[in-house]
Enquirer: 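First the structure, which I've put down as structure tokens, then a few questions once you've had a look.
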Amino acid sequence: MTKKLRIGIIGSGGIAGAHVRSYKKMDDVDIVAVADVIEGKAEEFIAQHGLENAKAFTGHEKLLEEDLDGVSICTPNIAHYQTTIDALRAGKHVLVEKPMSVTLDQAVEMAQVEKETGLILTVGFQPRYDPNMKELKRIVQSGELGNVYYVQTGGGRRRGMPGGTFIRKDLAGAGALADIGCYSLDFALNAIGYPKPVTVSAYSSNHFGTNPAYHSQADQFEVEDFGVALIRFETGQVLNFKISWAMHMDSLGPSLFLGTNAGLKVLPAGQGPWSGVWDGGIGSMSLFHDTLGHHTESPIPTINHGLDIFYEKVRAFAVAIIEGTEAPVSTKEIVRNQAIIDGILRSSEKQREVEIELPEGM
Ligand SMILES: NC(=O)c1ccc[n+]([C@@H]2O[C@H](COP(=O)([O-])OP(=O)(O)OC[C@H]3O[C@@H](n4cnc5c(N)ncnc54)[C@H](O)[C@@H]3O)[C@@H](O)[C@H]2O)c1
């Protein structure tokens, strides 16, 4: 049998468990190292997940001295940057959890080091593996809509505020915008081919997270629970983006792609406070045409795929290492996603439109 891939896990909290469950289904992968900053936590994690071949480390630096092909980075957002840079510099391929980073500068540097080292750096957006999201992109890219000049999207949780590391600015960087907003942005931008963003005008607030009637950790809530923005792109397209962890409303509406020949409406899957487009759950899609007074609406059948999209994302990383192919979710795209989040935060703080500046070629 050929040599198994040697994988390390950095950060052994909630989502690391999902990475491990996925890797364990792969005959050609072995998890050989786990690190956490909290003393003893990696050991507990190894025991809990029955990782008999894994060594435990406190901090990621020692783990990176091991003979590893790649690492899954599952730390809070703030640590994505340093762990990714260190892992790439140590010669390891990287799957980093979403959002890519906390600031745009960090994302840019991460992408630069990826290029310098020639290793894979991919970002953990599992909705990309939902066949419905692929179908959405196929339709938009096919030209059937004509020129898509306006897009609106955004996840609208009604009561979906997390706690812990997600609500601390020093660890998460931002709230709903970073946590689920990055998915909604990816949903829309992936379909229209990730044009370069140039300006953003945004608003954000945290009326719910900071109110003890709605959040049990209200005194520690430092991030936004709602955000809305108008983003302009180099292509002349505009995106009306909105995101919410909590609100007095059932939904922020469907996602719309308005084109010069047709429109596409996407409804989120399911009902209830946690459902929505942001995590890849596409309920239905319809195409709208209207020429010379004849209106037609064509429902597009939803693909019932039964795929474990989280497994698919982790598998795509392993396969890219084995086959020596490119990153499954390219940082060239996700740096633009991060640039928009960065712009939204700056604009909402300044309460005016701001420019988005990206280095040449990004
Ligand atoms: N793709 C998804 O569906 C999904 C779902 C949930 C969370 N996430 C992302 O995963 C990341 C982690 O989320 P979580 O819910 O597992 O958080 P968590 O707080 O449960 O776990 C994070 C772990 O990382 C450890 N840690 C912190 N800094 C570290 C460092 N420098 N080196 C090593 N370990 C370190 C912490 O001690 C903790 O054990 C976040 O970026 C989050 O956005 C993704």
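Atoms considered below: every heavy atom in the structure, side chains included; atoms not considered: hydrogens, waters and symmetry mates. Whatever order the structure lists them in is the order used to number ligands and atoms, beginning at 1.
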Enquirer: Between Gln106 and Val102 (side chain of the first, backbone of the second, donor and acceptor by atom type, cut-off under 3.5 Å), is there such a pair?
Expert: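 Side chain of Gln106 to backbone of Val102: a pair is present.
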Enquirer: Who pairs with Lys24 by salt bridge (charged side-chain N to carboxylate O under 4.0 Å, His left out), at least two apart in sequence or on another chain?
Expert: none
Enquirer: Show me the donor-acceptor pairs within less than 3.5 Å that the side chains of residues 259-266 make with the rest of the protein, sequence neighbours left out.
Expert:
unit_1, atom_1, unit_2, atom_2, d
Thr260, OG1, Asn147, N, 2.8

Enquirer: May I have all residue pairs that pass side-chain hydrogen bond (donor to acceptor under 3.5 Å, both in side chains) and include part of residues 220-231, sequence neighbours excluded?
Expert: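 Sorted result for residues 220-231: empty, none.
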Enquirer: Suppose we call two aromatic rings close when their centres sit under 6.0 Å apart. Are His207 and Tyr214 close by that rule?
Expert: no
Enquirer: Can the ring centroids of His49 and Tyr23 be said to lie less than 6.0 angstrom from one another?
Expert: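 No, they do not, as the ring centres are separated by 6.0 Å or more.
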Enquirer: Within the protein, flag every N or O under 3.5 Å from an N or O of ligand 1, and note the pair and distance.
Expert:
unit_1, atom_1, unit_2, atom_2, d
ligand 1, 1 (N), Glu97, OE1, 3.0
ligand 1, 1 (N), Gln126, OE1, 3.1
ligand 1, 1 (N), Gln126, NE2, 3.4
ligand 1, 1 (N), Tyr183, OH, 3.0
ligand 1, 1 (N), Lys313, NZ, 3.3
ligand 1, 3 (O), Gln126, NE2, 2.7
ligand 1, 3 (O), Tyr183, OH, 3.2
ligand 1, 16 (O), Gly14, N, 3.2
ligand 1, 16 (O), Ile15, N, 2.8
ligand 1, 19 (O), Thr165, OG1, 3.3
ligand 1, 20 (O), Gly14, N, 3.0
ligand 1, 34 (N), Val37, N, 3.4
ligand 1, 37 (O), Asp36, OD1, 2.6
ligand 1, 39 (O), Asp36, OD1, 3.4
ligand 1, 39 (O), Asp36, OD2, 2.6
ligand 1, 39 (O), Lys41, NZ, 2.7
ligand 1, 41 (O), Thr75, O, 3.3
ligand 1, 41 (O), Asn77, OD1, 2.6
ligand 1, 41 (O), His80, NE2, 2.9
ligand 1, 41 (O), Lys98, O, 3.3
ligand 1, 43 (O), Asn77, OD1, 3.4
ligand 1, 43 (O), Lys98, O, 2.8
ligand 1, 43 (O), Lys98, NZ, 3.2

